[in-house]
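Keep in mind that what you see is a predicted model, and the values were worked out from it rather than measured. Values below: every heavy atom of this structure, side chains too, minus hydrogens, waters and symmetry copies. Proteins get letters first, then strands, A, B, ... in listed order; numbering begins at 1 in each.
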2 protein chains.
Amino acid sequence: MWQDQTRCDQGGMAVLCAASEQIRTFTRTAQQIRAGTVILQDGDEFDKVVLVVDGWLSSSKSFEDGELQIIDFILPGDILYATNGDGMTVGLTLEAITDARVSIVPVSTWRTMLMASPDLARAVGRIRAAAQARTSERLLRLGKGSAPTRIAFAILELSLRLRSLGHDMEETFHLPLTQKAIGDYTGLSSVHVCRTMRRLVRHNILETSDHIDIRILDLAALSEIAGIDLERLEQEIAPTAA
Amino acid sequence: MWQDQTRCDQGGMAVLCAASEQIRTFTRTAQQIRAGTVILQDGDEFDKVVLVVDGWLSSSKSFEDGELQIIDFILPGDILYATNGDGMTVGLTLEAITDARVSIVPVSTWRTMLMASPDLARAVGRIRAAAQARTSERLLRLGKGSAPTRIAFAILELSLRLRSLGHDMEETFHLPLTQKAIGDYTGLSSVHVCRTMRRLVRHNILETSDHIDIRILDLAALSEIAGIDLERLEQEIAPTAA
DNA sequence: CGATGAGTTGACGTTTGTCAAGGCCGGTGG
DNA sequence: CCACCGGCCTTGACAAACGTCAACTCATCG
């Protein structure tokens with residue numbers, strides 16, 4: 001079981017809490033969600049803002065034939081604006097990957113909070129900018145990247161995000177994901193994810209234990225395969241305090 | 001040459017103008033950009049907001065080897081928040097596809113405007129939500145869609161966006177794009193774009209003239225190939241007045 | 001102890017990219 | 001006016017990447 005729970009006083013959550021006392025209230029009154037629960041279905045009516053306090057969520061979309069694509073993983077301190085351009089419905093399925101705690105805030109409340117605290121508004125702006133930058137990087141790799149590129153990038157992206165939540169990058173880190181989930185995130189079949197990860201292990205770039213506890217052995221090589229400059233990526237996708 | 005210029009009193013631009021007198025000022029003082037001009041380079045320092053008044057822009061990212069992915073087309077009435085999570089640099093290359101007119105607004109001015117006009121803030125929220133919904137749909141198709149699915153979707157997405165700018169869907173519409181650009185948008189090679197579009201033409205789903213003036217003959221078939229319900233897609237990606 | 005679900009590996013088929021050649025069109029310079 | 005050139009589209013032949021199917025292992029759980 002995944003017990004290395006991230007704490008709400010770190011990463012994006014810390015930025016938010018620093019910016020607004022009211023956010024801290026939300027972290028206390030957040031609702032518990034059990035792993036596997038579907039919180040929102042693509043097409044539902046919903047116009048609120050979702051604040052993740054703890055745990056991993058995924059937003060996804062799928063075709064009618066069942067083919068599913070994970071749009072993003074949503075980690076503690078992230079904010080999900082899932083509502084469509086019509087302002088009434090959502091275009092994403094939101095699911096808890098691990099046990100999680102989320103606050104669901106009506107837009108009117110949210111807007112009032114942003115108006116009341118310019119610091120909070122700036123912090124939220126940074127968090128949204130970071131999410132958008134991540135999405136752009138991923139679009140590039142889904143469109144033009146090979147399987148190794150996509151997987152290396154996913155691993156580095158998630159390890160950076162975990163690091164900003166207080167994990168150490170030198171250590172082995174655990175992703176609460178199956179290979180199928182990684183495939184749904186990278187647009188690959190689970191079989192090909194397996195093959196590609198085995199190859200990275202054989203080349204002494206990664207080490208795995210329990211199939212999905214990952215330790216990066218050769219960060220430079222992995223970054224090159226991912227097609228990134230690690231420091232630049234961190235600037236892009238890690239929201240900094242305003 | 002592309003002369004069917006969209007006008008700033010339609011679509012998203014109309015929504016914005018209705019919400020704020022100040023926006024109308026920006027549309028008058030916008031700067032002219034010539035087709036082909038690179039406005040921003042991935043990595044530049046830049047923390048302003050770009051408002052498109054007229055013409056087509058593209059935002060893109062690329063690998064060091066030159067492989068390029070168009071992240072989004074930016075049409076009149078769209079707003080580009082290109083700044084990264086660090087609040088200082090941009091993670092996108094912004095280029096004018098056609099002659100264009102854009103306003104570049106400092107974030108402080110922009111924030112002040114949003115604070116001053118709740119209507120504007122709501123309209124901007126809708127426009128951002130629509131852009132995000134479009135991106136999610138495209139992520140799904142880049143990850144799990146076949147070439148025909150991606151191309152059919154791109155055509156329908158763009159035709160919907162043009163329609164909300166006042167074009168008629170029954171008519172032939174012109175995309176100011178080469179097949180290479182469509183490939184960069186859909187993550188395909190230009191050769192495969194060509195093949196796939198020829199096949200759609202042979203099946204009497206599309207008709208083309210001048211290679212890229214498109215008329216949709218069988219909207220139902222195209223929607224099915226794209227994997228969408230046309231009405232639902234319009235709800236998602238067309239910002240409605242708040 | 002069987003059942004289930006995840007990972008692993010091999011064989012094979014399909015989709016898509018790459019390379020190459022040719023055609024069409026608009027522009028440019030003699 | 002014409003020859004030439006460069007882009008872009010088109011098509012075919014071939015190669016590479018990735019998905020699918022199937023079988024096996026292993027750990028977990030009831």
Side-chain angles (χ1 to χ4, degrees), chain A residues 1-2 35-36 62-63 65-69 97-98 140-155 174-203 206-214 225 227, chain B residues 1-3 35-36 63 65-69 97-98 140-155 174-203 206-214 225 227:
Chain A
M1 190 54 205
W2 189 52
S62 47
F63 287 124
D65 68 9
E67 286 281 13
L68 181 142
Q69 173 71 37
I97 294 182
T98 67
L140 168 60
R141 281 158 188 86
L142 284 187
K144 305 276 162 160
S146 64
T149 299
R150 298 186 204 180
I151 290 178
F153 181 83
I155 290 173
H174 175 87
L175 301 179
L177 303 173
T178 62
Q179 292 185 349
K180 166 125 182 26
I182 296 176
D184 290 340
Y185 188 55
T186 53
L188 299 165
S189 68
S190 62
V191 174
H192 207 67
V193 169
C194 177
R195 267 190 245 282
T196 307
M197 286 191 58
R198 295 291 89 221
R199 200 176 316 156
L200 291 174
V201 169
R202 271 201 304 279
H203 287 37
L206 291 184
E207 206 175 58
T208 63
S209 40
D210 280 344
H211 298 301
I212 196 63
D213 289 344
I214 295 174
I225 294 171
Chain B
M1 193 53 208
W2 155 259
Q3 15 188 346
F63 288 124
D65 68 7
E67 286 280 12
L68 182 143
Q69 173 71 37
I97 295 182
T98 67
L140 168 61
R141 280 158 189 85
L142 284 187
K144 304 278 162 159
S146 64
T149 298
R150 298 187 205 181
I151 290 179
F153 182 82
I155 291 172
H174 175 88
L175 302 179
L177 303 173
T178 62
Q179 292 185 349
K180 165 126 183 26
I182 296 176
D184 290 340
Y185 188 54
T186 53
L188 299 166
S189 68
S190 62
V191 174
H192 206 67
V193 169
C194 177
R195 267 190 245 283
T196 307
M197 286 190 59
R198 296 290 90 221
R199 200 175 315 157
L200 291 175
V201 169
R202 272 202 304 278
H203 287 40
L206 291 184
E207 206 176 57
T208 64
S209 39
D210 281 344
H211 297 300
I212 195 65
D213 289 344
I214 294 174
I225 293 171

Nearest whole angstrom, please: distance from the P of C:dT8 to the CD1 of A:I182. 10 Å
Treating B:R141 as the side-chain partner and B:A154 as the backbone partner, does any N or O pair qualify as donor plus acceptor under 3.5 Å? no
Within the 4.0 Å heavy-atom criterion, would you say B:S146 contacts the bases, only the backbone, or no part of the nucleic acid? sugar-phosphate
Sugar-phosphate only, base, or nothing, as touched by B:T178 at under 4.0 Å among non-hydrogen atoms: sugar-phosphate
Could you state the CD1-C1' distance from B:I151 to C:dT16, rounded to the nearest angstrom? 11 Å
Taking only side-chain nitrogens and oxygens of B:Q179, does any of them come within less than 4.0 Å of OP1 or OP2 of D:dG7? no
I want to verify a distance call: between C:dT16, C:dT9, D:dC18, whose nearest atom is closest to the A:A147 side chain? D:dC18
What's the CE-P distance between A:M197 and C:dA6, to the nearest Å? 16 Å
A:H211 side-chain N/O to C:dT8 phosphate OP1/OP2 under 4.0 Å: yes
Find the distance B:L177:CG to D:dC8:C1' and express it as a whole number of Å. 14 Å
Is there a donor and acceptor pair closer than 3.5 Å between the side chain of B:R195 and the base of C:dT18? yes
Which part of the nucleic acid, if any, lies within reach of A:G183 when heavy atoms closer than 4.0 Å are counted: base, sugar-phosphate only, or nothing? nothing
B:P148 has its side chain closest, among C:dT18, C:dT16, D:dT20, to C:dT16
Can a side chain N or O of B:H192 be found less than 4.0 Å away from OP1 or OP2 on C:dT16? yes
May I have the distance from B:K180 (atom NZ) to D:dT10 (atom P), rounded to whole angstrom? 16 Å
So, B:E207 side chain and B:I214 main chain: donor-acceptor pair closer than 3.5 Å or not? no
Nearest heavy-atom approach of B:T186 to B:R150 is O-NH1, 3.0 Å
Between atom CD1 in B:I212 and atom C1' in D:dT10, what is the gap in whole Å? 14 Å
Can you tell me how far OG1 of A:T149 sits from NZ of A:K144, rounded to the nearest 0.5 angstrom? 13.5 Å
Side-chain atoms of A:V191 come closest, of C:dG17, D:dC21, C:dC19, to D:dC21
By the 4.0 Å heavy-atom rule, please label B:G187 as base, sugar-phosphate, or nothing. sugar-phosphate
Which whole-number value in Å describes the distance from A:R198 CZ to C:dT9 P? 6 Å
If only atom types and distance count, is the side chain of B:T208 paired as donor or acceptor with the main-chain N or O of B:H211 below 3.5 Å? no
Between C:dG17 (C1') and A:K144 (NZ): distance, integer Å: 10 Å
